[in-house]
Amino acid sequence: MSGMQTERELAPKEFTFESMNLQVGVRLQFITYRRIKPVQYFSTLIGYAKDEYLIVKVPLENGVPVGLVEGERITIRVFSGMNVCSFACTVQRVFDRPLLYVHLSFPDTIQGTSLRTAMRVKVDIPAQVLPPQAGAAVDCTLTNLSVSGARIESARTLPEDGGEITLEFGLPSPLGDGEMRVRTQAAVRNVNALRKEADGSEMFAYGVQFLDLDPVHHTMIQNLTYEVLLADRQNIV
């Protein structure tokens with residue numbers, strides 16, 4: 001993606017609260033400013049009273065609720081469709097254990113940017129290219145990922161441009177209990193010699209396009225790219 005294209009796609013726009021179409025349970029990025037650098041946590045929307053307040057879960061840090069103070073300024077960032085929106089709030093009231101939720105001021109202004117349908121983000125995911133018949137799988141690494149394809153780095157040569165492979169890798173389970181294995185056919189679209197290792201062997205980079213990605217896995221990859229992007233916009237490829 002070119003620099004000018006990136007600037008165009010990430011140019012901020014004004015959004016209304018209704019246009020975000022937030023659903024109860026949506027994952028939020030919760031940013032505090034109590035330290036020298038902003039600190040990012042994750043939270044969940046519980047509900048809201050329009051023009052009055054939002055209700056969100058108190059975020060956790062190492063399993064411990066973050067100590068919020070009434071009047072504290074925070075920023076909320078959230079994905080809505082193909083947009084990432086952010087807005088400023090203040091903490092109105094904190095409900096401690098066993099409830100662990102907080103009332104935030106209702107946003108006055110909301111800024112958002114539109115994202116590509118197949119947003120590609122940097123990752124570091126172990127993967128395998130499975131043999132078409134009996135034989136050993138080839139270990140590799142996914143270094144970027146989108147719902148349409150991935151970039152693979154491997155010390156072993158794979159089929160040339162236009163060839164097909166069977167790719168398998170793991171994604172975090174939506175239930176938060178381990179990982180779910182993804183297996184899909186992929187077409188090799190470009191091949192590059194990447195670098196030489198200390199032992200003289202070469203590393204190769206392959207751009208692949210997914211051919212038969214399961215709809216469930218499509219949604220999981222989309223959610224993963226959103227969460228990687230929430231953590232740091234520099235992860236956009």
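- Within 6.0 Å of the CG atom in Asp124, the count of heavy atoms belonging to other residues, nucleotides or ligands does not exceed 12.
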Atom pairs and distances, donor-acceptor, side-chain atoms in residues 16-26, under 3.5 Å, two or more places apart:
unit_1 : atom_1 : unit_2 : atom_2 : d
Thr16  : OG1    : Ser19  : N      : 3.1
Thr16  : OG1    : Ser19  : OG     : 3.2
Glu18  : OE2    : Lys50  : NZ     : 3.0
Ser19  : OG     : Thr16  : N      : 3.2
Ser19  : OG     : Thr16  : O      : 2.7
Asn21  : OD1    : Gln23  : NE2    : 3.1
Gln23  : NE2    : Asn21  : O      : 3.3

Run the salt bridge (charged side-chain N to carboxylate O under 4.0 Å, His left out) check on Glu61 and Arg34 step by step: do they pass?
CA-CA 14 Å; Glu61 183 174 28; Arg34 60 184 63 182; over 6 Å; no
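- By the 4.5 Å heavy-atom criterion applied to side chains, Glu164 and Leu211 are counted as neighbours.
- A heavy-atom distance below 4.5 Å is found between the side chains of Ser154 and Val138.
- Residues Val91 and Leu104 meet the side-chain proximity criterion, which asks for heavy atoms closer than 4.5 Å.
- Interatomic distance, CG of Asp96 versus CG of Leu68, reported as 9.5 Å (0.5 Å rounding).
- No more than 12 heavy atoms of other residues, nucleotides or ligands lie within 6.0 Å of OH in Tyr48, so this atom counts as exposed by the packing criterion.
- Residues Leu130 and Glu168 come closest through the heavy atom pair CD1-OE1, 3.9 Å.
- Tyr206 places a side-chain N or O within donor-acceptor distance of the main-chain N or O of Leu158, the cut-off being under 3.5 Å.
- In this structure, Gln40 and Ile31 approach most closely via the heavy-atom pair CG-CG1, 4.1 Å.
- Across all non-hydrogen atoms, the minimal contact from Ile46 to Val56 is CD1-C, 3.9 Å.
- A continuous path of Ile, Leu, Val, Met, Phe, Trp and Tyr side chains, each step under 4.5 Å between heavy atoms, connects Val188 with Val147, placing both in one hydrophobic cluster.
- Counted by atom type alone, Gln92 and Glu70 present zero donor-acceptor pairs between their side chains at under 3.5 Å.
- When every heavy atom of Val129 is checked against every heavy atom of Leu167, the shortest pair comes out as CG2-CD1, 4.1 Å.
- Separating the OG1 atom in Thr90 from the CD1 atom in Ile74 is a distance of 8.0 Å, to the nearest 0.5 Å.
- No continuous path of ILVMFWY side-chain contacts below 4.5 Å connects Tyr101 to Tyr41, so the two sit in separate hydrophobic clusters.
- In the displayed structure, Arg181 atom CZ is contacted under 6.0 Å by more than 12 heavy atoms of other residues, nucleotides or ligands.
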Please lay out, stage by stage, how Ile125 and Leu171 fare under the test side chain to side chain contact (heavy atoms under 4.5 Å, CB included).
CA-CA 8 Å; Ile125 300 176; Leu171 293 175; 4.3 Å; yes
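- The closest side-chain heavy-atom distance from Phe30 to Val66 is not below 4.5 Å.
- The two residues Gly112 and Phe15 have their closest heavy-atom pair at CA-CE1, 3.4 Å.
- Under the 4.5 Å side-chain criterion, counting only non-hydrogen atoms from C-beta, Leu54 is in contact with Phe87.
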Is there a side chain to side chain contact (heavy atoms under 4.5 Å, CB included) between Ile152 and Thr143 once you walk through the steps?
CA-CA 6 Å; Ile152 300 172; Thr143 57; over 6 Å; no
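- Here the CD atom belonging to Gln29 is positioned 11.0 Å from the OG atom belonging to Ser43, to the nearest 0.5 angstrom.
- A donor-acceptor contact closer than 3.5 angstrom is absent between the side chains of Arg151 and Asn144.
- To the nearest 0.5 angstrom, Leu145 atom CG is 5.0 Å from Ile221 atom CD1.
- Heavy atoms only, all atoms of each residue included: Pro59 and Phe42 are closest at CB-O, 3.5 Å.
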Could you go through the side chain to side chain contact (heavy atoms under 4.5 Å, CB included) check for His103 and Ile55 one step at a time?
CA-CA 5 Å; His103 282 187; Ile55 310 171; 3.8 Å; yes
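- Atom CE of Met203 is separated from atom OG1 of Thr141 by 6.5 Å, given to the nearest 0.5 angstrom.
- Contact annotation: the side chain of Val102 never approaches that of Arg93 to less than 4.5 Å [non-hydrogen atoms, C-beta and beyond].
- Here the CZ atom belonging to Arg77 is positioned 5.5 Å from the OG atom belonging to Ser86, to the nearest 0.5 angstrom.
- Follow the hydrophobic side-chain contacts under 4.5 Å out from Leu142 and you reach Val191 in the same cluster.
- Using a 4.5 Å heavy-atom threshold, the side chains of Gln111 and Glu14 count as touching.
- At a threshold of 4.5 Å between side-chain heavy atoms, the hydrophobic network of Ile, Leu, Val, Met, Phe, Trp and Tyr places Met180 and Val182 in one connected group.
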Could you go through the side chain to side chain contact (heavy atoms under 4.5 Å, CB included) check for Arg156 and Cys140 one step at a time?
CA-CA 8 Å; Arg156 298 271 298 276; Cys140 56; over 6 Å; no
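- Within the 4.5 Å cutoff, the side chain of Leu45 has no heavy atoms near those of the Ile76 side chain.
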